[in-house]
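Working notes, structure below.
Side chains are part of it too, since the values below use all heavy atoms of this structure and drop only hydrogens, waters and symmetry mates. Ligands are counted one by one from 1 in listed order, and the atoms in each one are counted from 1 as well.
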Amino acid sequence: MGLNADEKITEGVNAPTFVPSLPIPNVQELVRKDPLHIPERYVRSQEEMVIVKDVSSHSSAIPVMNLSLISDGNKEELSKLDVACKDWGFFQLVNHGVPTQVLETMKDAAAKFFELPLEEKSKYSVTSHDIQGYGHAYVVSSEQILDWYDALLLVVYPKQYRKLEFWPEGFKDTIEAYSSELKRVAEALLGSLSLIMGMQKDTLLGLHKELVQGLRVNYYPPCSMPDQVLGLSPHSDTSTITLLMQEDNVSGLEIQHKAEWVPVKPIPNALVVNVGDVMEIWSNGKYKSVEHRAVINKNKARISHALFFFPRDDVDVKPFDHMIDAQRPKMYNTVRYGEYLRQSMSRKMEGKAHTDVAMIET
Ligand SMILES: O=C(O)CCC(=O)C(=O)O
Ligand SMILES: [Fe+2]
């Protein structure tokens, strides 16, 4: 026997810690042992399971943006970016310059990791005092309805925040290559977002003090009754922006748009980008951190790779003065980012409930 997870040596001594989750069963293992049984703790009410209507027309309306044009300062594309962040909070990004091979290698390595026997994966299990590793997040009470997923959670940048003992053997170089390529994409997007907000190109990046980058690889096992469970509860991301890679042939991500759940149909090699809470606050609500969720398939497992980009703990986040005017009075108080993030993690994922702490009551 090796060390148990709680006794592992921590390399990232200066790494911040995050709010741990209560221990819950491994979902992949539940399904392996008894594919037809769904424990009570996962079953949702009918109201929560609103069926998606008119899938095709809405899904194809989600904006598709071209990073090469955005980065060249193409006026039309920048104005499309503004509309996408305002009206959708989500878009798909093509021409991002990330080699297909880097994306494919990440997908293959993740699939291999989740295929390992539980005993092997458990070498990287989250501990009872932090969030990094293989396990779950946002589970805070024994009453709460659980989501149908297992995940690998890692802080990848800045490097001194890494806890390498949770990076699976044989997966490290792949995670490194993927994370550094997508960091470049995120920085380019932050540059263009600064411009469309009427600021210098480097403003948003600078405001992070340190661009922190968290990776969450979600594994959603199939479920014999997919209309009774959710892969991920509705939530908005606490990030500034999130970049998500989906699989080409398995869908599951749905976003709120005009009071309906709209599926985000995968476009091969595209990245899904969404505005997070920090952008919503900085823009004083002009850009929306939109609620989204993951639904489950009956026969196919699904893996998604989310990279969250967010500020250092000591950054105070508040609406920019120039985004406040008579039409758009100040909507948010100042929040200390580290506190904001941790309060969100100490509750279950529940739509936009965690953003209320920042809202000015009217
Ligand atoms: O699996 C997905 O498509 C969504 C993942 C997500 O929203 C998250 O990890 O925050
Ligand atoms: Fe999310």
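At most 12 heavy atoms of other shown residues, nucleotides or ligands fall within 6.0 angstrom of atom NZ in Lys112. Within 6.0 Å of CG in Asp356 there are more than 12 heavy atoms belonging to other residues, nucleotides or ligands.
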Do Asn269 and His96 pass the side-chain hydrogen bond (donor to acceptor under 3.5 Å, both in side chains) test, and can you show the C-alpha distance, the side-chain angles, and the key distance before you say yes or no? CA-CA 9 Å; Asn269 292 325; His96 45 59; over 6 Å; no
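Near Arg216, meaning under 4.0 Å from one of its heavy atoms, ligand 1 places the atoms 9 (O). Residue-ligand proximity, Tyr220 to ligand 1, at heavy-atom distances under 4.0 Å covers atoms 1 (O), 2 (C), 4 (C), 5 (C). Atoms of ligand 1 lying under 4.0 Å from any heavy atom of His292, numbered from 1 in the order shown and given with element: 7 (O). Close approach of ligand 1 to Arg302 is summarised as follows: ligand atoms under 4.0 Å from at least one heavy atom of the residue are 1 (O), 2 (C), 3 (O). For ligand 1, the atoms closer than 4.0 angstrom to any heavy atom of Phe308 are 8 (C), 9 (O), 10 (O). Taking every heavy atom of Leu244 and a limit of under 4.0 angstrom, the matching atoms of ligand 1 come to 3 (O), 5 (C).
His235 NE2, 3.1 Å is the protein heavy atom nearest to atom 10 (O) of ligand 1. Ranking protein heavy atoms by distance to atom 6 (C) of ligand 1, first place goes to Leu232 CD2, 3.4 Å.
The aromatic rings of Tyr340 and His354 sit tilted, their planes meeting at an angle between 30° and 60°. The aromatic rings of Trp88 and His257 sit parallel to each other, their planes meeting at less than 30°, with 60° as the upper class boundary. Ring-plane geometry between His136 and Tyr149 is classed as perpendicular, the angle between the planes exceeding 60 degrees on a 0 to 90 degree scale with a lower cut at 30.
For ligand 1, the polar-atom distance check finds an N/O of Asn218 within less than 3.5 Å of one of the ligand's N/O atoms.
Its N, O or S atom nearest to the Fe ion (ligand 2) is what matters here, and for Asp237 that atom is OD1.
Contacts with ligand 1 closer than 4.0 Å are made by side-chain heavy atoms of Asp237 only, the backbone lying farther away.
Residues Tyr138 and His235 place their aromatic rings such that the two centres sit no closer than 6.0 Å. Annotation: Phe310 is not in aromatic contact with His208 [ring centroid separation under 6.0 Å not met].
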